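Written below as structure tokens is the structure these notes are about.
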Amino acid sequence: MAITTSAKDGETVDVSVVIPARDCRPYLDRCLTSVLVQRVRKEIVVVDDGSTDGSAELLDLYAAYHRASVKVVRLNGAGGGAGRPRNVGLDHATGRYVFFCDADDYLGPEALERMVAMADRNGSDIVLGKMVGHGRRAPVSMFARDAERAELGASTVYNSLSCFKLFRREMLERHRIRFAESRLVGEDIYFTVHAYCHAGVISVVAEHDCYHLVARPDGSSIMQQSGSRDPLGWLAMIRGPVQLMLEHIPPGPLRDHLLLRHFRLDVLAQLGVPFLESDQVRRKDIAQEVAALCDEWLTPGVHARLSRMGKQRVASLDDVDRLGRLADIEAAAVRRRLTALRWEEGVLVVAGTAGLDGVHLPYAMSLVLRDRHDAGREVVVPAACEGERFTARLDVSRLGSGIWDARIAIELEGVLRTGRLGADRDEDVARPAARLVGEAVVIPYFTKDNGNLSVDVGGHLAAVPGSVRVTRTRWALGSRLAMDGEVTVGGSAPGASALRRLIWRERRTGDERAERVVPLPGGGFAARPAIGRLSPGTWDAYLEVVVGGPPARFRVEADAETVAAPRRLWGGAMFRSVRPYATPGKGRLSAVVRKLTARTMLRRILP
């Protein structure tokens with residue numbers, strides 16, 4: 001083992017970035033540059049594991065030009081995975097934190113700065129930074145939002161078991177957490193599982209791209225080579241990390257939560273695509289190995305948390321043919337097309353065709369409406385089917401306030417496959433008009449991004465269609481403008497409780513004045529706004545209506561003949577000129593209020 005250069009003596013290092021390198025010359029420049037530009041006190045520990053492609057010479061150049069930052073450690077290239085180079089790099093690290101980076105990947109700008117700030121702010125032992133895949137799948141579930149403190153048993157952080165994270169080095173050393181050097185694949189799973197078991201605080205930086213996973217175009221990385229995810233090999237490998245976790249986490253909900261991750265992503269996942277790609281003999285071997293792991297570790301708490309597909313697979317471990325059918329169902333693309341969308345009274349009729357590519361088994365279908373912001377809220381409507389054709393009749397009064405996304409669900413072999421509905425549709429399928437159903441406006445629409453069908457109940461996102469028109473105005477006592485009008489929403493008159501208030505908004509300043517509204521039968525209303533007391537300016541009239549969601553505001557429309565004549569009013573120790581009018585073209589009610597001084601009044605009175 002040989003070492004060249006070192007970090008500057010006496011300097012406190014925030015992060016030691018450990019990079020194992022073997023024959024990765026085409027990627028090293030980008031990787032090292034992405035680390036060098038990080039604005040933290042850092043050292044880069046590159047462990048060259050016997051490169052023969054010019055990587056060693058390039059590393060010598062970086063070490064010579066960046067003596068304060070780059071440390072190169074030479075190994076003899078005995079073969080094996082990245083476990084030994086990472087362990088050697090960790091032994092040479094001096095930073096408060098350690099970040100592991102592969103030589104063909106790279107960091108996003110400010111990645112370490114943001115992760116160190118998160119760790120220092122919360123005393124974090126592990127910080128996950130958002131990962132982005134380039135030809136490789138990156139984990140997603142744990143990066144929905146930033147998390148100062150993510151609970152191991154109440155979050156999805158454990159779904160990510162790669163080592164591309166920020167770790168507190170003191171924790172790693174105190175518990176002697178190291179990589180499994182004997183493993184060509186999965187060596188980092190041992191490391192990360194062990195670290196999770198000892199982490200007091202786990203944080204997530206999700207609102208910034210921190211780590212870029214890159215697939216090599218030539219497919220030369222270990223994880224891209226054939227056999228790297230051999231199902232029997234993976235099932236044998238995963239026993240070690242699971243056993244390690246069981247030694248640290250006592251029985252209970254937390255252990256079940258962590259075991260669920262391993263069954264979903266490591267164990268039962270081998271009954272999917274890897275199962276289909278195996279011959280009949282290997283399928284039996286895979287099923288037997290999965291069954292052995294289930295007998296050993298599948299607790300009632302884990303079983304209760306499994307998906308429908310997971311439970312069906314566990315129930316079919318002694319039936320290889322059914323396991324094959326389940327794998328076919330899971331792998332098949334959901335084919336769907338919307339052929340009709342219309343109102344029939346208060347029912348939204350949704351019709352189309354759907355099926356699973358390559359699967360020719362009898363199935364049932366249903367229309368599923370799921371609340372976009374609360375996955376626990378779901379309305380299921382069984383569909384009438386004729387072959388691949390379906391028709392579902394949605395009673396929209398079953399939908400509560402919110403935005404509901406439509407899916408078609410296909411059920412067979414006890415498994416549900418779903419797909420968003422609407423992006424593929426017949427040319428004559430148009431968006432139905434909004435309807436007022438009960439006290440809520442129901443607005444079917446197609447999303448802007450993918451053109452999928454959704455239903456907005458209450459006008460949370462979609463514009464509420466409606467109109468407000470004054471039928472009569474006249475001056476009343478107290479500088480008030482008496483108004484009568486009528487309201488329609490979605491082609492119908494809303495109930496009395498929907499009418500909230502009349503708003504006068506000054507056009508230049510945005511100042512607003514609210515006035516009481518009296519509902520009248522049949523969608524009518526009356527109001528007596530004191531517009532003579534408004535400050536000087538141009539004021540536009542709006543009516544605020546609540547129809548099952550946030551308040552919707554409609555501009556008040558008017559015809560010139562229904563608008564009262566201008567009036568001069570005395571109030572607040574001054575004269576005002578108030579001129580209600582209907583705006584040209586669109587015919588909307590506004591009012592111009594002007595302050596009249598004594599001089600102005602005299603000029604108007606005297607010749």
Side-chain angles (χ1 to χ4, degrees), residues 1-7 13-38 40-78 80-109 111-113 115-116 127 129 131-132 134 136 162-167 169 172 178-179 181 187-188 191-192 210-216 220-224:
M1 181 186 303
I3 303 174
T4 61
T5 79
S6 63
V13 176
D14 289 326
V15 186
S16 298
V17 180
V18 175
I19 304 174
R22 180 194 296 162
D23 293 338
C24 50
R25 175 66 179 81
Y27 315 99
L28 267 176
D29 270 318
R30 180 177 61 189
C31 177
L32 293 172
T33 301
S34 75
V35 180
L36 284 168
V37 299
Q38 301 293 315
V40 294
R41 291 170 296 187
K42 59 190 172 292
E43 65 176 5
I44 305 172
V45 183
V46 187
V47 183
D48 178 21
D49 194 14
S51 295
T52 60
D53 68 340
S55 295
E57 291 76 14
L58 179 61
L59 289 173
D60 286 340
L61 287 174
Y62 271 92
Y65 281 97
H66 301 280
R67 292 182 177 275
S69 302
V70 178
K71 176 190 296 183
V72 179
V73 182
R74 307 286 187 195
L75 297 183
N76 58 12
R84 181 169 178 248
R86 286 180 179 144
N87 283 342
V88 170
L90 182 53
D91 288 341
H92 284 83
T94 63
R96 296 187 297 126
Y97 302 101
V98 179
F99 189 92
F100 296 96
C101 179
D102 277 357
D104 42 10
D105 299 333
Y106 61 97
L107 296 176
L112 296 182
E113 179 182 352
M115 285 190 282
V116 168
V127 179
M131 303 171 74
V132 180
H134 302 275
R136 293 176 61 183
S162 70
C163 64
F164 309 127
K165 300 169 177 61
L166 190 76
F167 297 92
R169 191 169 66 88
L172 301 179
R178 290 297 187 268
F179 293 85
E181 296 188 6
E187 78 292 334
D188 56 340
F191 179 92
T192 309
C210 294
Y211 192 82
H212 294 262
L213 283 164
V214 180
R216 296 189 184 185
S220 60
S221 70
I222 291 176
M223 291 306 298
Q224 290 178 261

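Remember, predicted model here, so these are calculated numbers, not experimental data. In what follows, residues are counted from 1 in the order of the sequence shown. Computed from heavy atoms alone, side chains included, the values below leave out hydrogens, waters and symmetry copies.
Nearest heavy atoms, F179 versus N87: N-OD1, 2.9 Å. Counting all heavy atoms, side chain and backbone alike, A103 lies closest to P20 at CB-O, 3.7 Å. Listed here is the closest heavy atom pair of R74 and D48: NH1-OD2, 3.0 Å. The shortest non-hydrogen separation linking V214 to D104 is CB-O, 3.2 Å. Of all the heavy atoms in S162 and M131, the pair that sits closest is OG-CE, 3.9 Å. When all heavy atoms of R25 and S55 are compared, the pair lying nearest together is N-OG, 3.0 Å.
Between Y97 and V127, every side-chain heavy-atom pair lies at or beyond the 4.5 Å cut-off. Contact check for D188 versus F100: no side-chain heavy atoms found under the 4.5 Å cut-off. Within the 4.5 Å cutoff, side-chain heavy atoms of L32 are placed close to those of L59. Put simply, the side chain of Y106 does not reach to within 4.5 Å of the side chain of T33, judged on heavy atoms. Between Y211 and L107 the shortest side-chain heavy-atom distance falls below 4.5 Å. In this structure, the side chains of R22 and P85 stay at 4.5 Å or more apart for every pair of heavy atoms.
With rounding to the nearest 0.5 Å, the separation of SG in C24 from CZ in R30 is 11.5 Å. Note: R169 CZ to L90 CG = 7.5 Å, rounded to the nearest 0.5 Å.
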task: Could you walk me through whether V116 and R96 pass the side-chain contact (heavy atoms from CB on, under 4.5 Å) test, one step at a time?
output: CA-CA 10 Å; V116 168; R96 296 187 297 126; 4.0 Å; yes
task: In sequence, state the C-alpha distance, the side-chain angles, and the governing distance for R178 and D91, and then conclude on salt bridge (charged side-chain N to carboxylate O under 4.0 Å, His left out).
output: CA-CA 10 Å; R178 290 297 187 268; D91 288 341; 3.1 Å; yes
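Ring-plane geometry between F167 and F191 is classed as perpendicular, the angle between the planes exceeding 60 degrees on a 0 to 90 degree scale with a lower cut at 30.
At distances below 3.5 Å, at least one donor-acceptor pair connects side-chain atoms of Q38 with backbone N or O atoms of G108. Between the side chain of E43 and the main chain of T94, a donor-acceptor pair closer than 3.5 Å is present. Put simply, the side chain of D14 never gets that close to the backbone of K42: no donor and acceptor are under 3.5 Å apart.
Under the 4.0 Å criterion applied to side-chain N and carboxylate O atoms, R86 and D102 are assigned as salt-bridge partners.
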